[in-house]
2 protein chains.
Amino acid sequence: MRKNIVTVAKELNLAPSTVSKVLNNNGKVSQKTRDRVMAYVKEVGYFQDASARILKSKRSYTLGILFSDISLVGLEHPFFSSILQSFKNYVEKEAYEIIFVVSKVGEREMSYLEWCLTKKVDGVLLVSGNLNNPYIKELVASDIPCVSTDFIMPNLTTIISDNELGIELSIDFAKKLNRAYIDMIAGPSTSIAFQFRMDHFHKVMNKPVEPYFVIEAKGFGFQSGFDAAVRLLEQATRVPDYVIVGSDDLAFGAIRGFESKGYKVPEDISVIGFDDINFARIYSPALTTIRQDKKAIGEMAALKLIQMIQDKEPKRTELIKIPVILIERASTKIKM
Amino acid sequence: MRKNIVTVAKELNLAPSTVSKVLNNNGKVSQKTRDRVMAYVKEVGYFQDASARILKSKRSYTLGILFSDISLVGLEHPFFSSILQSFKNYVEKEAYEIIFVVSKVGEREMSYLEWCLTKKVDGVLLVSGNLNNPYIKELVASDIPCVSTDFIMPNLTTIISDNELGIELSIDFAKKLNRAYIDMIAGPSTSIAFQFRMDHFHKVMNKPVEPYFVIEAKGFGFQSGFDAAVRLLEQATRVPDYVIVGSDDLAFGAIRGFESKGYKVPEDISVIGFDDINFARIYSPALTTIRQDKKAIGEMAALKLIQMIQDKEPKRTELIKIPVILIERASTKIKM
DNA sequence: TTGTAGGCGTTATCAG
DNA sequence: CTGATAACGCCTACAA
């Protein structure tokens with residue numbers, strides 16, 4: 001039979017409440033009894049029961065992780081899984097644990113908010129999600145602190161890469177290379193990050209210099225990138241010499257798409273991606289790209305969320321941008 | 001104030017125990033009251049409190065996920081994250097949730113077993129781990145049901161790919177291609193899967209036909225594969241025409257390593273990998289490889305673990321092998 | 001079939 | 001600074 005706090009207290013000739021205080025490091029206890037308790041606890045290997053503590057204290061020291069929509073593949077997504085990993089590392093140092101939010105317990109459907117309430121999660125990280133999902137809205141509107149790394153909503157704190165900066169770096173780099181015909185292959189605008197990138201491209205390019213073309217890929221993968229590249233070549237009135245692609249995955253396909261039409265990358269067309277996933281440096285040609293700082297995003301999300309939990313301040317709309325940098329590789333390396 | 005089961009019962013003129021029974025679907029309750037309760041519960045939006053339930057029932061319907069050693073990168077590992085994803089999908093259908101096992105709550109270190117006990121997890125999935133970690137041993141030796149997808153231990157159920165089959169498929173394929181000089185670049189034998197692959201290669205090749213060479217890579221990544229390929233060329237007394245590589249990641253490097261010494265892949269040297277990660281089909285040349293069925297591994301692990309929890313049978317040593325298949329691509333495509 | 005009562009292990013409150 | 005006591009919300013015998 002496992003010891004509980006009552007028996008431990010009894011064996012120490014103390015009250016349970018005193019033991020509880022030293023265990024949780026709050027309340028006034030003399031250093032002497034504190035030491036005595038700590039020593040004894042370690043000696044007999046006593047440890048608290050989480051459920052009782054949660055029940056009584058009305059909080060769980062647990063943070064919910066929510067992938068909506070892509071919840072069936074969320075962990076396999078290299079971008080989100082990296083963010084999650086760094087979030088996890090950070091919060092564990094602060095004695096929080098993480099658990100996945102689900103909306104279905106066996107047969108019974110329940111809203112995200114309901115689930116969070118039954119579990120008494122202290123806060124939730126919205127890793128990715130559908131803006132239109134009413135359960136997401138309900139959760140964000142609730143009192144539970146939330147932080148997102150993917151989308152923007154009223155009363156929500158969002159941490160994302162500085163997509164505008166990334167686009168600017170890409171365009172500046174083209175100029176440095178003396179490339180004049182800059183086009184873009186954008187990711188599907190169902191993702192807010194892709195949307196931002198495309199919007200900013202339009203904004204920066206719109207000063208009347210050269211005409212330019214933007215093609216929106218129909219999906220996220222290699223094939224979508226390939227197809228978009230072919231379409232770009234068909235639709236543009238001149239061949240581009242520098243193409244900014246909304247993601248590395250798309251860029252891989254786009255490069256092969258250009259090659260399939262007889263153009264050489266980087267000689268004829270330089271290609272720059274966005275993300276810097278692992279394979280970017282292994283691809284042929286190695287991909288020049290905008291590196292997103294996934295670690296920083298995860299850590300910032302963790303920091304913000306914990307802050308919100310501890311400060312108990314009301315929710316507000318907030319957008320925090322994490323800087324990106326350009327990584328130069330072979331896909332833009334042209335001899336001048 | 002949230003309603004609890006007592007108030008709900010009161011409002012229905014029933015006893016709390018009756019309500020509890022219908023909520024948990026056990027005990028004898030008339031269909032009429034059952035319907036009445038369900039309707040009312042839905043109407044007023046009542047839902048159970050998880051902590052109270054766990055406290056009382058001594059189980060949590062929660063499964064622990066344990067990454068030891070690589071816990072700082074576990075989620076980013078494409079192989080393990082895929083397994084975890086499919087495990088998660090499966091167990092959620094069975095009304096289980098998953099939580100990550102940690103060994104440190106803020107400052108306080110604790111053993112995995114202690115942690116699992118405080119959380120009352122019903123079982124744990126050992127996604128990857130260090131055999132020599134005493135806390136792992138302690139956990140496996142405990143009463144908590146455990147399943148591993150990475151290593152073997154007494155009294156542990158393990159689900160892994162049929163590595164032997166994979167090696168045999170690879171070797172048979174070489175013969176089909178009329179390749180005579182088969183060598184291997186093995187992964188570091190710190191991983192049991194790599195160990196199995198190498199051992200089986202030795203076993204199959206050892207029939208006195210041709211001499212062969214095996215090089216053990218020093219790490220897991222591209223560069224290790226590259227270096228191993230160069231070393232292989234230096235040490236082998238003849239140039240191989242078919243090289244089996246212990247993982248796709250290593251194979252990517254090995255291909256470039258061979259090329260760096262002037263050999264063409266696949267013409268001079270055919271290369272086959274192991275895993276079939278996403279990038280394998282995008283690489284140049286696209287990589288022939290042995291596909292591991294990560295989905296099946298995750299699902300089998302889930303099924304086994306839930307079975308162990310429900311059947312309460314004593315633990316035993318068990319090894320379940322999941323079949324693999326050969327995926328043919330360009331890296332072995334030679335005209336005959 | 002339904003109700004009663006006790007207890008799961010902890011923490012919060014308030015008194016000493 | 002320490003101790004007694006009452007919840008927290010639920011489940012499980014067992015009694016009615």
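So you know, we letter chains A, B, ... as the sequences are listed, proteins then strands, and number each from 1.
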Side chain of [X] only, heavy atoms from C-beta on: which candidate in [options] is closest?
X       : options                : result
A:Thr33 : C:dG9, D:dT2, D:dC10   : D:dT2
A:Ser30 : D:dT12, D:dG3, D:dC1   : D:dC1
A:Ser57 : D:dC11, C:dT10, C:dT11 : C:dT11
B:Arg53 : D:dC11, D:dC1, C:dT10  : D:dC11
A:Lys21 : D:dG3, D:dC10, D:dC11  : D:dG3
A:Lys58 : D:dC11, D:dG9, D:dG3   : D:dG9
A:Val6  : C:dG3, D:dC11, C:dT10  : C:dT10

Residue whose closest nucleotide on DNA chain C lies nearer the 5' end, B:Thr18 versus A:Ser51:
B:Thr18
Closer to the 5' end of DNA chain C via nearest nucleotide, is it A:Pro16 or B:Pro16?
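Nearest-nucleotide comparison on DNA chain C picks B:Pro16.
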So that I can tick it off, tell me whether A:Lys88 and A:Glu97 are bridged by a salt bridge, with the cut-off set at under 4.0 angstrom between side-chain N and carboxylate O.
no
Is A:Lys315 salt-bridged to A:Asp143, going by a charged N under 4.0 Å from an acidic O?
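Salt bridge absent between A:Lys315 and A:Asp143.
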Spacing between [X] atom [atom1] and [N] atom [atom2], to the nearest angstrom:
X        : N      : atom1 : atom2 : answer
A:Ile54  : D:dC8  : CD1   : P     : 17 Å
B:Asn24  : D:dG9  : CG    : C1'   : 13 Å
B:Leu55  : D:dC8  : CG    : C1'   : 9 Å
A:Phe47  : C:dG9  : CZ    : C1'   : 13 Å
B:Tyr61  : D:dC11 : OH    : C1'   : 12 Å
A:Leu117 : D:dG9  : CG    : C1'   : 14 Å
B:Lys120 : C:dG9  : NZ    : P     : 7 Å
A:Lys32  : D:dC1  : NZ    : P     : 13 Å

Just by distance, no angles: are the side chains of B:Ser51 and A:Lys120 close enough, under 3.5 Å, to form a donor-acceptor pair?
yes
Is the terminal nitrogen or CZ of A:Arg36 (NZ for Lys, CZ for Arg) located under 6.0 angstrom from the six-membered ring centre of A:Tyr40 and within 45° of that ring's axis?
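Negative - A:Arg36 is either too far from the ring of A:Tyr40 or too far off its axis.
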Here the gap from A:Leu305 atom CG to A:Ile159 atom CD1, rounded to the nearest 0.5 Å, amounts to 9.5 Å
Indicate, with a heavy-atom threshold strictly under 4.0 Å, whether A:Ser17 touches base, sugar-phosphate, or nothing.
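Base, at least one base heavy atom under 4.0 Å.
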It should be established whether A:Gln31 places a side-chain nitrogen or oxygen under 4.0 Å from OP1 or OP2 of nucleotide D:dC1.
no
Side-chain N,O (B:Tyr46) to OP1/OP2 (D:dG9) below 4.0 Å
no
Base of C:dA12, side chain of A:Lys56 - is there a donor-acceptor contact under 3.5 Å?
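Looking at the base of C:dA12, it does not pair with any donor or acceptor on the side chain of A:Lys56 (distance under 3.5 Å).
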Going by modelled atom types, is there a donor-acceptor pair between the base of D:dG9 and the side chain of B:Lys3 at under 3.5 Å?
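A donor-acceptor contact between them is absent.
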For B:Ser86 and B:Lys294, run side chain to side chain donor-acceptor pair (under 3.5 Å): C-alpha distance rounded to whole Å, both residues' side-chain angles, the deciding distance at 0.1 Å, then the answer.
CA-CA 8 Å; B:Ser86 97; B:Lys294 291 160 282 193; over 6 Å; no
